[in-house]
There are 2 protein chains.
Amino acid sequence: MLELRHLRTLTALHETGSVSRAAKRVHLTQSALSHQIKALQVHYGLPIIQRRGQSIELTEAGKRLVSLSGKVLEEIQTAERDLARISQQTSGSLRIALECHTCFDWLMPIMDAFRQHWPEVELDLVSGFHSDPIKLLEEGGADVVIGSERERRRGIVHHPLFRFEILAVLAPEHALRGKRILQAADFTDVTLITYPVPEERIDLIRKVLKPAGIHPQRRTAELTIAILQLVASQRGIAALPSWGIKSYVDHDYVVARRIGASGLWSDLYASTLKETASRPYLRDFLITARNACFATLEGIVPLA
Amino acid sequence: MLELRHLRTLTALHETGSVSRAAKRVHLTQSALSHQIKALQVHYGLPIIQRRGQSIELTEAGKRLVSLSGKVLEEIQTAERDLARISQQTSGSLRIALECHTCFDWLMPIMDAFRQHWPEVELDLVSGFHSDPIKLLEEGGADVVIGSERERRRGIVHHPLFRFEILAVLAPEHALRGKRILQAADFTDVTLITYPVPEERIDLIRKVLKPAGIHPQRRTAELTIAILQLVASQRGIAALPSWGIKSYVDHDYVVARRIGASGLWSDLYASTLKETASRPYLRDFLITARNACFATLEGIVPLA
DNA sequence: TATTATTAATGAATATTATTCATAGGTATG
DNA sequence: CATACCTATGAATAATATTCATTAATAATA
């Protein structure tokens, strides 16, 4: 018999186009999903997915179920928001401090949706840079910090968002374009174009260049698009999340290269005080954020 | 985590107003439902139901979930109809033969809904009386017979619908009104008002009066309301399903009395040929019919 | 008012079912 | 042609839902 678990699987399947990726998304094994799919197909006497070589494709029946799933899961979320409202603790503030510049891109639409769902909650972005953002939480200057730290600290909870890859971005005519993978040494004589944040905040420098003793020149820009313009016009190399540059790469405005053999990856967490973590609107924010990210950002991977 | 099973339980709970009755409806034990409810309440940190003496009441949270359930289950049914259409076998005929006169009352709205959901299926009522309605199926004169027989016959499947009680209906001033329960002997000198069908088709006669050797006078009428008019004007007693007369009893137009200590009950089945039974639109018809009946008719009980 | 019949809640035992593990076979890629 | 992916599958295991047995509470009945 059909259960919500199946619907959740279906959407994951639809969004990832692969059983194993979908499995990661719903925190199960590939085998579990395979069995689920099998059961559904037997139950309805219809194929739900179809192997397309390496990946899979949803059949007509599968797509119909995905559309069902979309509606149903959304209705459930709305209902659960109402339940949260019934149980009170529904008003409060959600001031978000962003450690990661590019996160603006995906955060905006989520914030818009959130404002609609939780009109009673005061939603804000905390601007400016903060050397110790976690301290902000403790001092009450913010309610959530979105960043990549996961330092264990009592009273603080780090909610995993996702893992993403940071790629080097070069002009299509750049001398290094021939290399499939860039190593630390390749950055010796280049100018690095970054957001205007301290060095410790830039993963490429902290995790790759500094350990290798390399200190390239830096030039900063506020906006992602500005950074890409500088890159395209040969002023230097940038290191940006794969999902932030996809459309530019697809249009050959710039090219992207992996950094190091297994790539440079970064994990994103939403950190809150323990007490904030239990607030229903915060939980809803996290669920929505994760869903939206997995639905829109390509190439990201779920975290434990 | 919320699953469809919980939603199905919730609606049953809502429609029956009792955990044990709801349990029967979804073919589980009372204990199972009690555990489900507990789990939900823990999960949402909210009470879902509230004891009101003997029976229960849904809390605000519970009602919200019921409304969710309604929407969701309906969407699922629509989706499953679409799946059936995808898998073909979607057209055909559904000619219904009615053994039970009163069934018109609940069947009509169901047929209307069915026509909308399955425009390709030819839907009809087979009129007239048939001494052996099952024969109709075998001869291809009908696709479903709704009646109370459950004679085992190869190639025929009997799908249980529900069990209902047949009550004696009297005028409020009738001499027998003082008795809580009527026995066979009470019918000795009364006129029985029935639909114009053979005696073998009238449960009261077949199961109660004939075994007791009592043969009361009969007078017939085509419509339920006509029968009730005759009863109200003291022309005799009728025996009708409890759900068919409820509103008349509530308005004191007539009074209803149980027949025999444990009541006179009748089971309703929808019988089809084995091959017809597997058609998706037939399955959908059965599910819809059962749901609609349990939602509208009071005092009916699920069958195995 | 005592008695009986119902009804719901609960903990422990059981049955069922989902999930994982281990593995095999298929398909791209270099 | 080897390697790295992917999916499918049967058996073993883990998880969980359900039942069983019992208690407490409430309503109906004598």
Item to check | Of the listed nucleotides D:dT7, D:dT19, C:dA8, the one nearest the side chain of B:Ser20 | outcome: C:dA8
Checklist entry - For A:Lys38 and C:dT19, what is the distance between atoms NZ and C1' respectively, to the nearest whole Å? => result 16 Å
Checklist entry - Are more than 12 heavy atoms from other residues, nucleotides or ligands located less than 6.0 Å from atom NE2 of A:His14? => result no
Next on the checklist: Below the 4.0 Å mark, does C:dA18 have OP1 or OP2 next to a side-chain nitrogen or oxygen of A:Arg5?
Outcome noted: yes
Checklist entry - Nearest of C:dA18, D:dC5, D:dT7 to any side-chain atom of A:Gln54? => result D:dC5
Next on the checklist: Please tell me if A:Gln30 has a side-chain N or O lying less than 4.0 Å from either OP1 or OP2 of D:dA8.
Outcome noted: no
Checklist outcome for this item: Testing C:dT19, C:dA22, C:dA9 for proximity to the side chain of A:Leu28, the answer is C:dT19
Checklist entry - Hey, is CZ on B:Arg283 packed in by over 12 heavy atoms from elsewhere, all under 6.0 Å? => result no
Checklist entry - Out of A:Arg81, A:Arg85, A:Arg279, which one pairs with A:Asp284 under the salt bridge (charged side-chain N to carboxylate O under 4.0 Å, His left out) rule? => result A:Arg81
Checklist entry - Can you check the A:Lys24 NZ to D:dC5 C1' distance for me, whole Å? => result 11 Å
Checklist entry - With respect to the phosphate group of D:dT9, does any side-chain polar atom (N or O) of A:Ser31 fall under 4.0 Å of OP1 or OP2? => result no
Checklist entry - A:Ile37 has an atom CD1; how far is it from atom P of D:dT9, in whole Å? => result 11 Å
Checklist entry - Has B:Ser34 got a side-chain N or O lying under 4.0 Å from the OP1 or OP2 atom of C:dT10? => result no
Item to check | Whole angstrom value for the distance that separates C1' of C:dT6 from CZ of B:Arg51 | outcome: 10 Å
Next on the checklist: Distance alone, cut at 3.5 Å: any donor-acceptor contact between the side chains of B:Arg52 and B:Ser55?
Outcome noted: no
Checklist entry - With both distances kept under 3.5 Å, what pairs with C:dT17, Watson-Crick or G-U wobble? => result D:dA14
Checklist outcome for this item: Taking for A:Arg52 and for A:Gln36 the nucleotide of DNA chain C with the nearest heavy atom, the one nearer the 5' end belongs to A:Gln36
Next on the checklist: Using a 4.0 Å heavy-atom cut-off, does A:Ser55 contact any base of the nucleic acid, only the sugar-phosphate backbone, or nothing at all?
Outcome noted: nothing
Checklist entry - A:Leu40 CG to C:dA18 C1': how many Å, rounded? => result 13 Å
Item to check | Spacing of A:Ile56 atom CD1 relative to C:dG26 atom C1', expressed in whole Å | outcome: 15 Å
Checklist entry - Whole Å only: how far is the CZ atom of A:Arg21 from the P atom of D:dA4? => result 19 Å
Next on the checklist: Under a 3.5 Å cutoff, is there a donor and acceptor pairing between the side chains of B:Gln36 and B:Thr9?
Outcome noted: yes
Checklist entry - Of all the nucleotides listed (D:dA8, D:dT18, C:dA8), which has the minimum atom distance to the side chain of B:His35? => result D:dT18
Checklist outcome for this item: From CE of B:Met1 across to P of C:dA18 the rounded distance in Å is 17 Å
